[in-house]
Amino acid sequence: MSKLIIDDLDLKGKDVLMRVDFNVPVKDGVVGDDNRIVAALPSIEWVINHGGKAILLSHLGRIKSEDDKPGLSLRPVAEKLSKLIKKPVIFVPVNEGPQLEEAIDKMQDGQILLAENTRYQDVVNGENVKRESGNDPKLGEYWASLGDVFVNDAFGTAHRSHASNVGIATAMEKAGKPVAAGFLLEKEIKFLGNAVDNPKHPFVAILGGAKVSDKIGVIDHLLDKADKIIIGGGMTYTFYAAKGISIGNSLVEKDKIDVAKQILEKGGNKIVLPVDSVVADEFSNDADAKIVDGAIPNGYMALDIGPKSIKLFEGVLADAKTVVWNGPMGVFEMPKFAKGTLAIGRFLGTLKDATTIVGGGDSTAAVKELGVADKLTHISTGGGASLEYLEGKTLPGIACVSNKD
């Protein structure tokens, strides 16, 4: 059943409570990567351009003590949002109580308000009570009371049941108020959902990163759907070990070798592993590095895919019509071992008539560094959420959105 979307609602004169994902890096009061703020702009602009009042809620980081709060205030985010949207943003330094309620009462149609970090509610009077991240129903009910409608546009937290998404939605439904998806959430459902459930073939998944354990569910779910699954990153060497190939000092999850064997048996020639690696004698950008085919020599660890693997992967991707990429091909944070990840990102930007979807921090960083982000179909804003979606799991933050009648 299709979900209610923000543009299905009459917003004029309404208090529109919106859960956005402004969990962005902030250092010394300055926002770093503003991608998640930019991604929320279309929904915020829709609300204010259609006569609604945009009341925004977001978390930022994790709050485990009172000492964490000052460094994780959303005030710098409000300032950044104001610059991006070219309008004033009312910032309220609390997210509960008379100060917030009075600020909302004073709002005019078309105005924007951002309340303080929802995770402040995880620590109350110095005690770690997790009201927000534990989905305290009373908190969800309180926040729901602030709005006439609720718009969830925070895909980054869609895999979690928190008071600020599922809690609000549950209370809204009980009160007979609509719960809609914002444009960003709609886009994630459309692209990630279609990629997995209704892909154009050939469908190729590229899965990287350090651990097989992080991706087992995804690999298992996609084996029946994808034509090829390219494996890169540190988890490659657990698969090497499963095949009896020497891995030297490379990363390996010994307790997942049997799982890797099962995946290889089930997947057969669908699974594409690197054929060469960039290896080093220590985990350092200054290490002595060389390229080796196949087995990793003793005393060396593999830290990136090699040039033959890049060519092999490009050959697999060349005629793909749907590509989903999650996770780096090597130790992307070290320039010496970022070449494989960057090469894959560059190649994806050249594919014609293909739906290309990228998720995960390092993969996203790679396509941005290369300047090919605008050549890709969709860059997911949620790492953990996109992974769980690719596993075929039901995400609470999507399930809580009202279905269309």
Side-chain angles (χ1 to χ4, degrees), residues 15-45 47-48 52-108 110-133 136 139-140 142-143 146-147 150-157 160 162-165 167-168 182 184 381-382:
D15 290 341
V16 183
L17 195 63
M18 302 180 72
R19 177 55 160 100
V20 291
D21 182 9
F22 288 168
N23 187 28
V24 295
V26 178
K27 189 174 181 182
D28 300 327
V30 178
V31 173
D33 181 359
D34 63 6
N35 181 47
R36 289 184 171 187
I37 304 174
V38 172
L41 294 180
S43 294
I44 298 169
E45 287 172 338
V47 170
I48 61 176
K53 306 177 187 86
I55 303 159
L56 312 181
L57 293 174
S58 176
H59 80 287
L60 177 62
R62 289 181 180 170
I63 306 281
K64 294 179 179 176
S65 71
E66 294 288 350
D67 292 340
D68 293 333
K69 290 183 178 179
L72 290 171
S73 170
L74 281 172
R75 188 181 292 276
V77 177
E79 292 164 3
K80 184 68 174 180
L81 172 61
S82 180
K83 286 176 186 169
L84 289 169
I85 207 163
K86 298 182 175 62
K87 288 183 186 299
V89 172
I90 302 159
F91 177 70
V92 183
V94 296
N95 55 46
E96 186 179 28
Q99 187 179 355
L100 175 61
E101 293 155 27
E102 287 167 16
I104 291 171
D105 286 343
K106 288 177 183 172
M107 287 179 76
Q108 303 294 312
Q111 286 192 313
I112 305 163
L113 178 149
L114 176 62
E116 186 55 279
N117 186 350
T118 58
R119 290 268 175 92
Y120 273 32
Q121 293 288 349
D122 277 358
V123 175
V124 179
N125 297 324
E127 191 179 347
N128 197 342
V129 292
K130 294 193 172 177
R131 290 187 78 205
E132 153 69 320
S133 58
D136 177 345
L139 184 57
Y142 171 75
W143 280 332
L146 302 174
F150 178 49
V151 175
N152 189 14
D153 209 27
F155 181 70
T157 60
R160 303 279 186 247
H162 288 169
S164 62
N165 57 6
I168 294 173
L184 176 60
T381 55

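Just the heavy atoms: all of them, side chains too, but no hydrogens, waters or symmetry mates, feed the values below. Throughout, residue positions are numbered sequentially from 1 according to the sequence presented.
Taking 4.5 Å as the limit, every side-chain heavy atom of R131 sits out of range of all side-chain heavy atoms of Y142. Two residues are said to be in side-chain contact when any heavy atoms from C-beta on lie closer than 4.5 Å; Q99 and E116 fail this criterion. By the 4.5 Å heavy-atom criterion applied to side chains, V89 and L56 are not counted as neighbours. Proximity of R19 to S58: side-chain heavy atoms (C-beta onward) are separated by under 4.5 Å at one or more points. The shortest distance between side-chain heavy atoms of L41 and I85 falls below 4.5 Å. By the 4.5 Å heavy-atom criterion applied to side chains, V31 and V77 are counted as neighbours. Here the side chains of N152 and M18 are not in contact, with every heavy-atom distance at 4.5 Å or above. Taking the side chain as every heavy atom from C-beta outward, V47 and I112 never approach each other to under 4.5 Å.
A donor-acceptor pair is defined here as one N or O able to donate and one able to accept, closer than 3.5 Å; no such pair exists between the side chain of N128 and the backbone of V123. Looking at N165, its side chain never comes within 3.5 Å of a backbone N or O of A154 through a donor-acceptor pair. Counting only distance, with no hydrogens or angles, the side chain of N117 and the backbone of L60 share a donor-acceptor pair below 3.5 Å.
Taking every heavy atom of both residues into account, F22 and L81 meet most closely at CE1-CD2, 4.0 Å. The heavy-atom pair separating V24 from I37 by the smallest distance is CG1-CG1, 4.1 Å. Here the closest heavy-atom approach between residue S164 and residue F150 is recorded as O-CZ, 3.6 Å. Looking at every heavy atom in both residues, I44 comes nearest to A54 through CG2-CB, 4.4 Å. Nearest heavy atoms, L100 versus A115: CD1-CB, 4.1 Å. Residues P88 and S82 approach most closely at CA-OG, 3.8 Å, considering heavy atoms.
Atoms CD and CG, from E66 and N125 in turn, are 7.0 Å apart once rounded to the nearest 0.5 Å. Note: R75 CZ to L114 CG = 10.5 Å, rounded to the nearest 0.5 Å. Here Y120 contributes atom OH and D68 contributes atom CG; the two are 9.5 Å apart, rounded to the nearest 0.5 Å. For the atom pair CZ (R62) and CG (L72), the distance works out to 11.5 Å, reported to the nearest 0.5 Å. The CZ atom of R36 lies 12.5 Å from the CG atom of D153; values are rounded to the nearest 0.5 Å. With rounding to the nearest 0.5 Å, the separation of NZ in K53 from NZ in K106 is 14.5 Å.
For K69, the NZ atom sits in a packed shell: over 12 heavy atoms of surrounding residues, nucleotides or ligands are nearer than 6.0 Å.
Here the options are E132, Q121, R119, the test is side-chain contact (heavy atoms from CB on, under 4.5 Å), and the partner is N95; only Q121 passes.
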Worked check of side chain to side chain contact (heavy atoms under 4.5 Å, CB included) between D122 and K64: CA-CA 7 Å; D122 277 358; K64 294 179 179 176; over 6 Å; no
